[in-house]
There are 2 protein chains.
Amino acid sequence: MADKRTPSADPRRAPNIEDVARLAGVSTATVSRSLNSSGRVREATRKIVETAARELGYTPNFGGQALASNRTNTVGAIIPTMENAIFARAIQALQETLAEHKVTLLVATSQYRPDREEAQIRTLLARGVDGVVLIGNRRAPSAYALLNARGIPFVLLWSAPANSPFVTIGFDNFGAAHDLTTRILEKGHRRIGMISGLTADNDRAFDRVQGVSQALADHGLSLSPHDLVECRYSLKAGENAAMQLLGATQRPTAIICGNDVLAAGALRAARASGLTVPDDMSVIGFDDIELATAVFPPLATVRVPHRRMGVAAGEHLLRWMVQGERPPSLTLPTEFVERASLGVAK
Amino acid sequence: MADKRTPSADPRRAPNIEDVARLAGVSTATVSRSLNSSGRVREATRKIVETAARELGYTPNFGGQALASNRTNTVGAIIPTMENAIFARAIQALQETLAEHKVTLLVATSQYRPDREEAQIRTLLARGVDGVVLIGNRRAPSAYALLNARGIPFVLLWSAPANSPFVTIGFDNFGAAHDLTTRILEKGHRRIGMISGLTADNDRAFDRVQGVSQALADHGLSLSPHDLVECRYSLKAGENAAMQLLGATQRPTAIICGNDVLAAGALRAARASGLTVPDDMSVIGFDDIELATAVFPPLATVRVPHRRMGVAAGEHLLRWMVQGERPPSLTLPTEFVERASLGVAK
DNA sequence: ATGAAAGCGCTAACAC
DNA sequence: GTGTTAGCGCTTTCAT
């Protein structure tokens, strides 16, 4: 460990703003202004400073900058898991958008657990992030309180509640589920099962179940408790859930899944049961990740605007952070993608 | 934006160490020592300080802490992409390991581009990370120079070169590929094709090709240029590449793929060509991600110790950062996973 | 347009 | 075991 009390002796010591100022023959204030393009600096001066900085290989010290400016140029995002491609892609888009403005993204995961999410919010705040991105809109008031106490800009992704007091950027989970269910009903299906992610701490999953339920109700049908199985978002869990549904006396002719991973599991269950999709049974996913077309038959699913959500989250947050004005919420459209896993009911 | 020049007036101003010290009736040094459990502080005093800190909702200011201690308790990792589940999982394990020691992980992506990776290294260094994790061992000397100039601990994941001057934590890509190829040969296959990721900037992909090539040579065979197709790691690219191989006058009876995603693409190509796997052709993947068992038939593949690499990376880095001693390299085993996509040659 | 200088919040050396 | 205090590197106000 380098001894930081050895000013100019340590060759490993990173050059600081004073070194640059000295070499350029200006004050540290001018160096700061030049490099941050913040103030009025004569072009010639700026050039000299820039040259000096480059020559020394100067990089502003993050701590010093953060301390003095009270900004970190960092945004934190907390997603349920990195292992779901849909979040990975949204995060990627968010990161790219922020990077264009020299803002770094800090990614944390909650594993779908509210307590972990709140802990992660604390961690991010402790690190002085200038903005936060969260998934979903339903969480403990204490979580929102943390954010509000610091007055930090934050946006909620993946849902579009009607009258949220917060800035949301997402889509209508209820509506999308309602729509896809209606299309399934149009194919003549009447016995419909559903495999959902755990709805307790997941408003998106909850809303999707509600959407399916309502669409069925609109047609005089209902989603009874044994037509609905909740499980973790994993292939194996989806397979087990589907097995359970298929074991019923009246097995469903169509299974709606909370996401594509569960649907892939359902496909596997169908195969294991000797059922052909879509002839014997239809399977419908949600998300439209690459997996949806990797399996056979390819999954009918709902295309979620993951990339656009990521980009919009970045843009809205940046606007809020820089200009100080709270941006409006945004609702993006989804699209039902019809593929071979959905057939007409026999 | 709050005016930071208004000391005690702004109610939004976060409590600082001095506030805590005042409330606890001790000095700031004692507060620091208490909270960092670094020094000898009487237990009773520590209790008082802790209570005061909690009451005020005190969180150490990141910038101040970083500036004074010259540490950020942050580790940066640069992976090719978050969209490959194998990296996502390793990162998850790394994050968990680091979190146990209150170290935050900063994740960046390079999209398999060396220039981007170097830019990301710069970004991470500018943010004062205390350690760095990179994927692979082959990169421009300038990239290593950046790390060495700062004397920052860093480990290289995913490969296990024989005499690396750096700390590597990975597995033998060449050996794993050699092994799987030998097993395929044992099944009687003689016309073998390969779909690889782009080898130019990817030592793992390169080593795997070499391993396959060598195993074939060991049996008097060779991997001719038109038996090998390089492409991006995507399902569609894998499908196209497989189509190309299948279009040859002597189509291969087995296609070895650089990863499971490519293999899933090859399966799709086989189906599109009216070929049955494994009866008409075998397909072998690499990684053993969930996708490998989501497709049909399930993929024979190589299980990569992603989780163990992530954990080991965290442990080694922590040891290096804290104790200052450079840890040894580590080579982990892989395991060939036989599944239905590999059959005997006809 | 530029410089001087006052902090930002914290840690760690040193004194007691 | 605890207090005093000198910085860490930077931004920003206030002069000029």
Side-chain angles (χ1 to χ4, degrees), chain A residues 1-10 12-22 24-49 53 56 58-73 125-128, chain B residues 1-10 12-22 24-49 52-53 56 58-73 125-128 130:
Chain A
M1 239 26 23
D3 178 10
K4 65 164 185 144
R5 305 290 176 206
T6 318
S8 55
D10 189 350
R12 202 101 113 185
R13 169 184 151 281
N16 62 22
I17 200 170
E18 211 173 324
D19 298 326
V20 179
R22 202 176 306 119
V26 298
S27 71
T28 61
T30 299
V31 174
S32 175
R33 282 190 281 253
S34 298
L35 268 33
N36 294 315
S37 59
S38 58
R40 48 281 135 192
V41 183
R42 208 190 317 160
E43 183 55 23
T45 313
R46 215 183 49 70
K47 270 277 181 353
I48 295 172
V49 170
L56 261 42
Y58 169 74
T59 317
N61 176 286
F62 182 71
Q65 212 161 13
L67 190 52
S69 68
N70 205 26
R71 275 181 298 98
T72 56
N73 287 316
L125 291 179
R127 297 191 54 99
Chain B
M1 235 41 6
D3 177 12
K4 65 166 184 139
R5 303 292 175 206
T6 318
S8 55
D10 189 351
R12 200 102 111 185
R13 167 184 153 280
N16 62 21
I17 199 170
E18 211 174 323
D19 298 327
V20 179
R22 203 177 307 120
V26 299
S27 72
T28 61
T30 298
V31 174
S32 176
R33 281 190 283 253
S34 300
L35 268 32
N36 294 315
S37 60
S38 58
R40 48 282 136 191
V41 182
R42 206 190 317 161
E43 183 55 23
T45 314
R46 213 184 51 68
K47 270 278 183 347
I48 294 172
V49 170
L56 260 42
Y58 169 73
T59 317
N61 176 286
F62 182 72
Q65 212 162 11
L67 191 53
S69 68
N70 205 27
R71 276 181 297 97
T72 56
N73 288 316
L125 291 178
R127 297 191 56 99
D130 300 329

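In the text below, chain A, chain B and the rest are named by the order of the sequence lines, each starting its count at 1.
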Trainee: Is A:Ser32 close enough to D:dT11 that one of its side-chain N or O atoms is under 4.0 Å from OP1 or OP2 there?
Mentor: yes

Trainee: Measure from CG on B:Asn70 to P on D:dG7 and round the result to the nearest Å.
Mentor: 16 Å

Trainee: Could you state the atom-to-atom distance from CZ of A:Arg46 to P of C:dA1 in whole Å?
Mentor: 13 Å

Trainee: For the pair B:Thr45 (side chain) and B:Val41 (backbone), establish whether a donor and an acceptor sit closer than 3.5 Å, ignoring hydrogens and angles.
Mentor: no

Trainee: Starting from C1' on D:dG9, measure out to CZ on A:Arg71 and report it in whole angstrom.
Mentor: 15 Å

Trainee: For the backbone of B:Asn16 and the side chain of B:Asp19, can you confirm whether one donor and one acceptor N or O come within less than 3.5 Å of each other?
Mentor: yes

Trainee: By nearest heavy atom, map A:Gly25 and B:Phe62 onto DNA chain C; which one lands nearer the 5' end?
Mentor: A:Gly25

Trainee: Among D:dT11, C:dT11, C:dC8, find the nucleotide with the atom closest to the side chain of B:Thr28.
Mentor: C:dT11

Trainee: Using a 4.0 Å heavy-atom cut-off across all strands, classify B:Val31 as base, sugar-phosphate, or nothing.
Mentor: nothing

Trainee: Would one find a side-chain N or O of A:Asn61 under 4.0 angstrom from OP1 or OP2 of D:dG9?
Mentor: no

Trainee: Counting just side-chain N and O atoms, does B:Ser69 come under 4.0 Å of either OP1 or OP2 of C:dT11?
Mentor: no

Trainee: Is the side chain of B:Thr30 donor-acceptor paired with the backbone N or O of B:Val26 at a distance under 3.5 Å, no angle test?
Mentor: no

Trainee: Please report, rounded to the nearest Å, how far the P atom of C:dG7 is from the CD atom of B:Glu18.
Mentor: 12 Å

Trainee: Closest approach to the side chain of A:Arg33, judged atom by atom: which nucleotide of C:dT2, D:dG3, C:dT11 is it?
Mentor: C:dT2

Trainee: To the nearest Å, how far apart are A:Ile48 CD1 and C:dG3 P?
Mentor: 10 Å

Trainee: Starting from the 5' end of DNA chain D, give me the residue, A:Thr59 or B:Arg42, whose nearest nucleotide shows up first.
Mentor: B:Arg42

Trainee: Under 3.5 Å, side chain of B:Thr72 to main-chain N/O of B:Gly128, donor-acceptor pair present?
Mentor: yes

Trainee: Is there a side-chain contact between B:Thr30 and the phosphate of D:dG3, meaning an N or O under 4.0 Å from OP1 or OP2?
Mentor: yes

Trainee: Please round to the nearest 0.5 Å and tell me the distance separating atom OG of A:Ser27 and atom CZ of A:Arg22.
Mentor: 13.0 Å

Trainee: Heavy atoms only, 4.0 Å cut-off, all strands: where does B:Thr45 land among base, sugar-phosphate and nothing?
Mentor: sugar-phosphate

Trainee: Rounding to an integer number of Å, can you tell me how far A:Asn36 CG sits from D:dG9 P?
Mentor: 17 Å

Trainee: Which of these nucleotides, C:dC10, C:dG3, D:dC8, is closest to any side-chain atom of B:Gln65?
Mentor: C:dC10

Trainee: May I have the distance from A:Arg22 (atom CZ) to C:dG3 (atom C1'), rounded to whole angstrom?
Mentor: 16 Å

Trainee: C:dC8, OP1 or OP2 - any side-chain N/O from B:Asn16 closer than 4.0 Å?
Mentor: no

Trainee: Just how far, in rounded Å, is P of D:dT12 from CG of A:Leu67?
Mentor: 12 Å

